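All values reported here derive from a predicted model rather than from experimental measurement.
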Amino acid sequence: MAAGSLALSRVSRAQTKPDVVLEIAPYTLEASPRHHIRTFAYNGQVPGPLFRLREGVPQIVEIKNRTSAPEVVHWHGLFLPPEIDGAMEEDTPMIAPGDTMRYTMVPSPAGFRWYHTHTFAGKDLTKAQFGGLHGFLLIEPRNQDPSDNPAPYDREVFLGLHDWNGHFMASADGFMNPVYDVSTINGKMLGYGDPIKVKQGEHILLHILNSSPTEVHWISFSGHSLKVIALDGNPVPQPQTVPMLRLAPAERVSAIVEMNNPGQWILGEVRKHVQATGMGIVFEYANATGKPVWNQPEDLVWNYRQFANYPPAPSPDIKRPTPIELVFESKFHGHGAEEQWLINGLSYPQNSAPGKSPRLQPGESYRLILRNKNMDDHPMHLHRHTFEVRAIEKGPEISGLHKDVVLVPANSTVEVEFFADHPGKTLFHCHQQDHMDRGFMMVFDYA
């Protein structure tokens, strides 16, 4: 419990004013004048409020559930005890309808994190991550020194990508996949939200979150380049200037943009059919006139490797991390039916029974060998830990790329390493809501 403490009383009697207050309640999102979406939200807004917290400073959190179903808040990317991490699979208590929960957490590590619901949706594509329960979280370093800033900037802008009005559609292989009618940035479709006003010569730090329940998004900023300095809130060893970003569900990218091209420009989804559903936002220079401009890229370009280091071969005298092989497969149940997802031949909770899931030793390092034997890409998330991406498909080893979500491409293998320094139940899962609901989870536990 070194990272936080939990008050289990349903309604805390403490008189101390909370530092963080979240009220979960019904909400109608106006994505455009013609698109009103009934959903749920934190504090009456989508995305939820930005919380800027100081690393290592205890925070009293109060969560009020004003809905008709149990809820829970997951603090994605933080090193918290399982009792407050926010996943019922780790035995975090659910908040009953009408109840309030209060607890203390110590936020760590520093970086761009986020918070969101962690409940079951099933066939109801308005629940859980299909709705509006997500928000921005920035943990500022304990001893922040401006001279440590890897890339100076003038101000920050937070952007949240999301998809709405989902419905299941059978794909060519017979599998049932969600498709969406509406896509938004910060809750608004392209052309209906206020433009982001900028000045020539400014350096803007964009913090971009993909909170989509299932979709990978490709983002380009017309007329400008993006210098990536952090992935999932963690500084990259090799910052790079790129023409576009790829964000799988739950991934975050922090990138510097130099505002050096006056006018009105669109930042948006590269794929035309997705931008047509609304995923875009306008950046407007002072005194700019005319219509916002979009320049269509020809190709989709992204590679984790470009941001990593290439380490020398390890010494044979160094102890290697303990390997854990995890094989991803699906079980087809017929055309028009929902498939079942398996890790090492079993779905959750069967794969997390004693003797079936990894048993971690505190203080040991582990290498997860993620073998995807499926035609889908999978964004894999490890709760309560950060891992280092070490191998992607058949390429050379890399180092220095620290994340909490990694996209494992179809029919490929990705290898990551982590240090087992946060004892307790730890959830590992695909961050696609429909895959998670169909068993694509596993709970690691510590000895």
Side-chain angles (χ1 to χ4, degrees), residues 1-26 40-43 48-49 51 53 58-108 113-122 124 127-135 137 250 348-349 351-354 357 360 381-385 404 422-429 431 433 436-437 439 441-446:
M1 304 293 284
S5 60
L6 173 67
L8 291 174
S9 57
R10 289 186 176 272
V11 181
S12 173
R13 298 177 182 175
Q15 298 302 311
T16 306
K17 183 179 178 180
D19 303 290
V20 174
V21 177
L22 285 174
E23 182 176 80
I24 307 168
F40 299 94
Y42 295 120
N43 297 7
F51 292 112
L53 308 179
Q59 302 289 311
I60 299 174
V61 177
E62 184 173 273
I63 305 170
K64 306 172 184 179
N65 183 6
R66 302 296 182 251
T67 75
S68 59
E71 266 297 343
V72 69
V73 176
H74 171 47
W75 303 97
H76 187 120
L78 297 192
F79 300 160
L80 297 176
E83 293 87 354
I84 60 175
D85 180 56
M88 53 187 170
E89 296 81 10
E90 297 172 341
D91 296 333
T92 301
M94 300 294 285
I95 308 169
D99 276 5
T100 298
M101 179 175 286
R102 179 181 282 208
Y103 52 77
T104 299
M105 73 175 182
V106 180
S108 176
R113 315 299 169 192
W114 66 302
Y115 59 94
H116 60 87
T117 184
H118 212 291
T119 53
F120 180 83
D124 188 342
K127 291 183 175 180
Q129 199 55 46
F130 292 104
L133 292 175
H134 50 270
L137 178 65
Y348 180 84
N351 60 21
S352 300
S357 68
L360 308 179
H381 171 44
L382 182 65
H383 281 228
R384 308 177 52 247
H385 298 74
D404 54 56
H422 303 294
K425 290 185 177 182
T426 300
L427 184 61
F428 175 73
H429 65 92
H431 219 284
Q433 180 77 49
M436 186 168 57
D437 290 346
M441 299 188 287
M442 176 180 273
V443 174
F444 303 167
D445 206 352
Y446 279 71

Is [Y] close to [X] at the side-chain level, that is, under 4.5 Å between some pair of heavy atoms?
X	Y	value
Leu133	Glu71	yes
Arg66	Ile24	no
Val73	Val61	no
Phe40	Thr117	no
Thr119	Met94	yes
Tyr103	Ile63	yes
Gln129	Met436	no

Mutual orientation of the aromatic rings belonging to Phe444 and Phe428 [parallel < 30°, tilted 30-60°, perpendicular > 60°]: parallel
Using the ring of each side chain (for Trp, its six-membered ring), is His118 parallel, tilted or perpendicular to His116, with breaks at 30° and 60°?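 Geometry flag for His116 against His118: parallel rings.
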How many angstroms lie between [atom1] in [X] and [atom2] in [Y], if you round to the nearest 0.5 Å?
X	Y	atom1	atom2	value
Asp99	Lys64	CG	NZ	13.0 Å
Thr104	Gln59	OG1	CD	9.0 Å
Asp19	Met105	CG	CE	9.0 Å

Are His383 and His385 close enough that their ring centres sit under 6.0 Å apart?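 No, the ring of His383 stays outside the 6.0 Å limit from the ring of His385, centre to centre.
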Give the C-alpha distance, both sets of side-chain angles, the deciding distance and a yes or no for side-chain contact (heavy atoms from CB on, under 4.5 Å) between Trp75 and Val20. CA-CA 12 Å; Trp75 303 97; Val20 174; 4.2 Å; yes
Under 3.5 Å, is there a donor-acceptor pair between the side chain of His381 and the main chain of Asp404?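 Yes.
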